[in-house]
Enquirer: 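What follows is a structure written as structure tokens; I'll ask about it next.
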There are 2 protein chains.
Amino acid sequence: MKNRLRVLRAERAWSQQDLAERLEVSRQSVNAIETGRYDPSLPLAFRIADLFDLAIEEIFHNPAKDDQ
Amino acid sequence: MKNRLRVLRAERAWSQQDLAERLEVSRQSVNAIETGRYDPSLPLAFRIADLFDLAIEEIFHNPAKDDQ
DNA sequence: TATCAATGTCAACTGTCTTTTACATTAAGG
DNA sequence: CCTTAATGTAAAAGACAGTTGACATTGATA
């Protein structure tokens, strides 16, 4: 599962801490998701998509699949 | 997190076991997701969306939000 | 150089997801 | 009735998600 979180965050010039506060998670969670250590839960993925006003599929994608 | 899994499955006349095999998860996982005991992981949500050829947002939605 | 913000990571912990095994209930068909 | 398929649920265990607290590194700047 890859994601564009770092790019989306950079476009807004937010720190990981900024993003964490908007998502109501810890800074470490944001970092772990950005660095690919683990995937967010489905509810958190929805919060992320809502925050950036994008579909989940526009932020996350499966590298095993050759789509997107 | 609510979902339309039961309806989508019924439209295809699949048993929970049938769906579980297509998703490569246990029947109990399908049942737990359908009955709302827990949400799938993000990777599983993608497999579900791929199987039904729908966006994740067309299958899952947040009852806390008044959209959809 | 000293400081500060931002980032990466680790350990330990709690809670969630998913599994296997198992058992109960219901509905349909012989 | 008896059997079978489908479904709901539970317990125990392992893997994963998310927390707090802590420490190290880097880059910018006073």
Enquirer: When you measure from the side-chain N and O atoms of A:R27 to the phosphate of C:dT7, is any distance below 4.0 Å, counting only OP1 and OP2?
Expert: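 Checking A:R27 against C:dT7: no side-chain N or O falls below 4.0 Å of OP1 or OP2.
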Enquirer: Below the 4.0 Å mark, does C:dT19 have OP1 or OP2 next to a side-chain nitrogen or oxygen of B:S26?
Expert: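 It does, given that an N or O in the side chain of B:S26 lies less than 4.0 Å from OP1 or OP2 of C:dT19.
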Enquirer: Taking atom C1' of C:dT16 as reference, at what distance in whole Å does atom CG of B:L44 sit?
Expert: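 Going from CG in B:L44 over to C1' in C:dT16 covers 14 Å.
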Enquirer: Give the rounded distance in Å between these two atoms: CD of A:E34 and C1' of C:dT9.
Expert: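 Interatomic distance, CD of A:E34 to C1' of C:dT9: 14 Å.
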Enquirer: Nearest of D:dT7, C:dT18, C:dC17 to any side-chain atom of B:I33?
Expert: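 Side chain of B:I33 sits closest to C:dT18.
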Enquirer: Side chain of A:S41: nearest nucleotide among C:dT18, D:dG18, C:dG8?
Expert: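 Within the option list, the nearest is D:dG18.
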Enquirer: Specify the separation, in whole Å, of atom CD of A:E21 and atom C1' of D:dG18.
Expert: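 So the CD-C1' distance, A:E21 to D:dG18, works out to 17 Å.
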Enquirer: Please check the phosphate of D:dG8 (OP1 and OP2 only) for any side-chain N or O of B:N31 closer than 4.0 Å.
Expert: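 B:N31 to D:dG8 OP1/OP2: side-chain N or O found under 4.0 Å.
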Enquirer: Using whole Å, report how far CG of B:L5 lies from P of D:dG8.
Expert: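 Those two atoms, CG and P, are 12 Å apart.
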Enquirer: Of the listed nucleotides (C:dT7, C:dT19, D:dG18), which one gets closest to any side-chain atom of A:Y38?
Expert: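 The answer is D:dG18.
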Enquirer: Go nucleotide by nucleotide along DNA chain D from the 5' end; which of B:Q16 and B:P43 gets its closest nucleotide reached first?
Expert: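 Nearest nucleotide further toward 5': that of B:Q16.
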Enquirer: According to a strict under-4.0 Å criterion, is B:R47 in side-chain N/O contact with OP1 or OP2 of C:dT18?
Expert: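 Negative; the distance criterion is not met.
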Enquirer: Hey, what do you get for CG (A:L8) to CG (A:D53), rounding to the nearest 0.5 Å?
Expert: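 Output value for this atom pair is 11.5 Å.
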Enquirer: Using modelled atom types and a 3.5 Å cut-off, is there a donor and acceptor pairing between side-chain atoms of A:D50 and backbone atoms of A:R47?
Expert: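 Not a single qualifying donor-acceptor pair exists.
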Enquirer: Write down the distance between CZ (A:F46) and C1' (D:dA17), rounded to a whole number of angstrom.
Expert: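 That distance rounds to 17 Å.
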Enquirer: Rounded to the nearest Å, what distance is computed from the CZ atom of residue A:R37 to the C1' atom of nucleotide D:dA15?
Expert: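 From A:R37 CZ to D:dA15 C1': 16 Å.
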Enquirer: Would you kindly give the CH2-to-C1' distance between B:W14 and D:dA5, to the nearest whole Å?
Expert: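 Atom-to-atom, B:W14 to D:dA5, this comes out as 19 Å.
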Enquirer: Distance criterion of 3.5 Å, no angle test: do you see the side chain of A:Q28 paired donor-to-acceptor with the base of D:dG21?
Expert: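 Yes.
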Enquirer: Please determine whether a side-chain nitrogen or oxygen atom of B:R6 lies at a distance below 4.0 Å from atom OP1 or OP2 of D:dG8.
Expert: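 It does, given that an N or O in the side chain of B:R6 lies less than 4.0 Å from OP1 or OP2 of D:dG8.
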Enquirer: Nearest 0.5 angstrom please: A:D39 CG to B:L44 CG, how far?
Expert: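 A:D39 atom CG to B:L44 atom CG measures 12.0 Å (nearest 0.5 Å).
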Enquirer: Can you find a side chain N or O atom of A:S29 that sits less than 4.0 Å from OP1 or OP2 on D:dT19?
Expert: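 Yes, such a contact exists.
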Enquirer: Across the strands shown, which category fits A:S15 at heavy-atom distances under 4.0 angstrom: base, sugar-phosphate, nothing?
Expert: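 Sugar-phosphate, backbone atoms only, no base.
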Enquirer: Using a 3.5 Å distance criterion without hydrogens, assess whether the side chain of B:N31 forms a donor-acceptor pair with backbone atoms of B:Q28.
Expert: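 No.
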Enquirer: Starting the side chain at C-beta, find the nucleotide from D:dG8, D:dT19, C:dG8 nearest to A:V25.
Expert: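 Out of D:dG8, D:dT19, C:dG8, the nucleotide with an atom closest to A:V25's side chain is D:dT19.
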Enquirer: Find the distance B:Q17:CD to C:dT20:C1' and express it as a whole number of Å.
Expert: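 The distance from CD of B:Q17 to C1' of C:dT20 comes to 13 Å, rounded to the nearest Å.
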Enquirer: So for atom CD, which belongs to B:E11, do other residues, nucleotides or ligands contribute more than 12 heavy atoms lying within a distance under 6.0 Å?
Expert: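 Atom CD in B:E11 is packed in, count exceeds 12.
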Enquirer: State whether the side chain of B:R9 and the backbone N or O of B:W14 hold a donor-acceptor pair below 3.5 Å, judged by distance alone.
Expert: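 Judged by distance alone, yes, a pair lies under 3.5 Å.
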